[in-house]
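None of these values were measured; they are calculated from a predicted model. Order of appearance sets the numbers: ligands from 1, and atoms from 1 within every ligand.
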Amino acid sequence: MRDTRRRFLQNTILAVPAIKFGIMKRSKEGSRPLVMSTWDSGVIANEGAWPVLSTQGRALDAVEQAGIAIENHISCCVGLGGNPDRDGYVTLDSCIMDEKANCGSVAFLERIKHPVSVARKVMEKTPHVMLVGQGAQQFAVQQGFHLEEQKLSPEAAKAYKDWLKNSEYKPVKNIERTQTNKGKGPFVPNRLQDGSFNHDTMGTIALDSRGDLSGMCTTSGMAFKMRGRVGDSPLIGAGLFVDNEAGAAVATGQGEEIIRISGCHLVVELMRNGASPQEACEKAIERIIKRDPVRAKDFQACFIAISRGGDTGAFAVHPGFNFAIWNSEIENTVFDSKSYFSD
Ligand code: SD4
């Protein structure tokens, strides 16, 4: 029964204004631009997006700039600075989607610094949605992207060396929460002191002044994954979904669990059927937990969402997830998400 379930909505002081400014509506003259990104490292992504949004630029351009900004941050969690797979190679996944359901995606891409921009090229220059592996790399090079050296960042090299001692594959949920820097302020990368971290995904969704939504997701995937493993992040419908008539959602966490419920498509469909972004994120997380409540105690999964009117929502399986928002009133601030379990 719903009431007897162990449920706790973690509600921090910072979470309240997130919901409050989420109720700002689109005016007749146009929308108030808004960008929302996963995790506290979302402040870096938002810094890429806001100059575009605040000068009446397209949400699509803004989210691509968000991805580029975080992929440039080499000591951070996504892009070529991310943790490698169990064979020691960094493999990248990314996708992007605009207000007309144009979308592009790359997966299992190696040695390319900006997978989000390759995903955009797939969307704009091919009749396809998704390219993977060597084919994606070949396409990127043809499009003028530089083939980088196959080399781990110092932090990732150290984390990999430590991991090799036991070679255990056990994703640790929310390892990053010990390092969160709430509120405004300089971003501190989420690696633990020993150089390891477990979350490696940046998702950004944005609403522009025309009232158009777009989103992107970029990741090095789960740390020390099996070679060839691809999670939810490059999968349209699972890790990202945008529908201008309903809303946009992006996910982070254990990709397999998000894929099983077509997570972001579900969140957007719930909004289409009248749910607020907050209710939609909560229902999608409940769907994940219902499938296997016991296992859900050991993994993290999280959604953030924006409705077409500019309301926002976020929800996670466990505490520790946070997100960053920038709009005309609140400058790039990190908020704690509510969660199903209290831990
Ligand atoms: C994946 N969803 O590859 C990604 C991982 C992630 O924070 O979000 N990590 O499954």
Side-chain angles (χ1 to χ4, degrees), residues 37-42 44-45 67 70-71 73 76-79 81-86 89-95 105-110 115-116 119 130 132 156 159 169-180 189-192 196-205 215-241 249-267 281 284-285 288 295-296 298-304 314-324 337 339:
S37 297
T38 54
W39 303 109
D40 53 0
S41 43
I44 295 176
I70 196 75
E71 288 163 355
H73 209 276
C76 181
C77 35
V78 311
N83 280 336
D85 64 17
R86 58 176 59 182
Y89 301 103
V90 177
T91 72
L92 304 175
D93 304 328
S94 181
C95 69
S105 161
V106 287
F108 194 41
L109 176 64
E110 295 176 273
V116 68
M130 190 165 192
V132 304
Y169 185 60
K170 204 167 127 211
V172 184
K173 65 174 195 261
N174 273 333
I175 203 165
E176 70 284 343
R177 77 168 171 233
T178 54
Q179 297 264 308
T180 56
N190 276 327
R191 282 184 186 275
L192 298 179
S196 67
F197 54 57
N198 191 248
H199 92 73
D200 331 78
T201 301
M202 178 53 53
T204 298
I205 44 181
M216 77 87 206
C217 193
T218 183
T219 189
S220 54
M222 300 302 293
F224 319 126
K225 60 197 174 185
M226 262 180 87
R227 184 144 177 81
R229 178 267 185 191
V230 171
D232 61 310
S233 303
L235 301 182
I236 299 295
L240 173 72
F241 198 68
V250 70
T252 179
Q254 184 73 44
E256 285 73 7
E257 304 304 326
I258 294 159
I259 292 170
R260 284 186 227 285
I261 64 151
S262 291
C264 288
H265 184 259
L266 175 61
V267 171
C281 291
I285 289 293
I288 288 175
R295 275 202 53 241
D298 294 324
F299 65 76
Q300 177 64 299
C302 328
F303 295 105
I304 61 172
F315 205 61
V317 176
H318 295 277
F321 174 55
N322 48 21
F323 55 92
S337 169
S339 59

Min side-chain heavy-atom separation F315-I304 under 4.5 Å: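 The answer is no; the side chains never approach within 4.5 Å.
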
Heavy atom under 4.0 Å from ligand 1: found in R229's side chain, backbone, both, or neither?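 Side chain only.
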
Within a distance under 4.0 Å of any heavy atom of [X], pick out the atoms of ligand 1 and give their elements.
{"X": "S233", "value": "2 (N), 4 (C)"}
{"X": "T252", "value": "6 (C), 7 (O), 8 (O), 9 (N)"}
{"X": "D232", "value": "1 (C), 2 (N), 4 (C), 10 (O)"}

If you measure every N/O of [X] against every N/O of ligand 1, is any gap under 3.5 Å?
{"X": "G255", "result": "yes"}
{"X": "D93", "result": "no"}
{"X": "G221", "result": "no"}
{"X": "T201", "result": "yes"}

Between W39 and F323, is the ring pair (Phe, Tyr, Trp, His ring centres under 6.0 Å) condition met? List the steps. CA-CA 4 Å; W39 303 109; F323 55 92; over 10 Å; no

Output all residues satisfying ring-ring contact (aromatic ring centres under 6.0 Å, His included) with F241, sequence neighbours left out; order by chain, then residue number.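 In terms of ring-ring contact (aromatic ring centres under 6.0 Å, His included), with neighbours along the sequence ignored, F241 is linked to H265.
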
Locate the shortest heavy-atom distance separating C95 from P234; write the atom from each residue and the value.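 Shortest heavy-atom separation between C95 and P234 comes out as CB-O, 3.7 Å.
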
Specify the closest pair of heavy atoms between P319 and Q300, including all atoms of both residues, with the distance to one decimal.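 Closest heavy-atom pair between P319 and Q300: O-NE2, 3.8 Å.
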
Using non-hydrogen atoms of the residue, decide whether E256 is closer than 4.0 angstrom to ligand 1.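 Heavy atoms of E256 never come under 4.0 Å of ligand 1.
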
Sequence-distant partners of R227, salt bridge (charged side-chain N to carboxylate O under 4.0 Å, His left out), two or more places apart: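 So R227 forms a salt bridge (charged side-chain N to carboxylate O under 4.0 Å, His left out) with D85, E110.
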
H318 (side chain) donor-acceptor with A296 (main chain) under 3.5 angstrom: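 Yes: the side chain of H318 pairs with the backbone of A296.
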
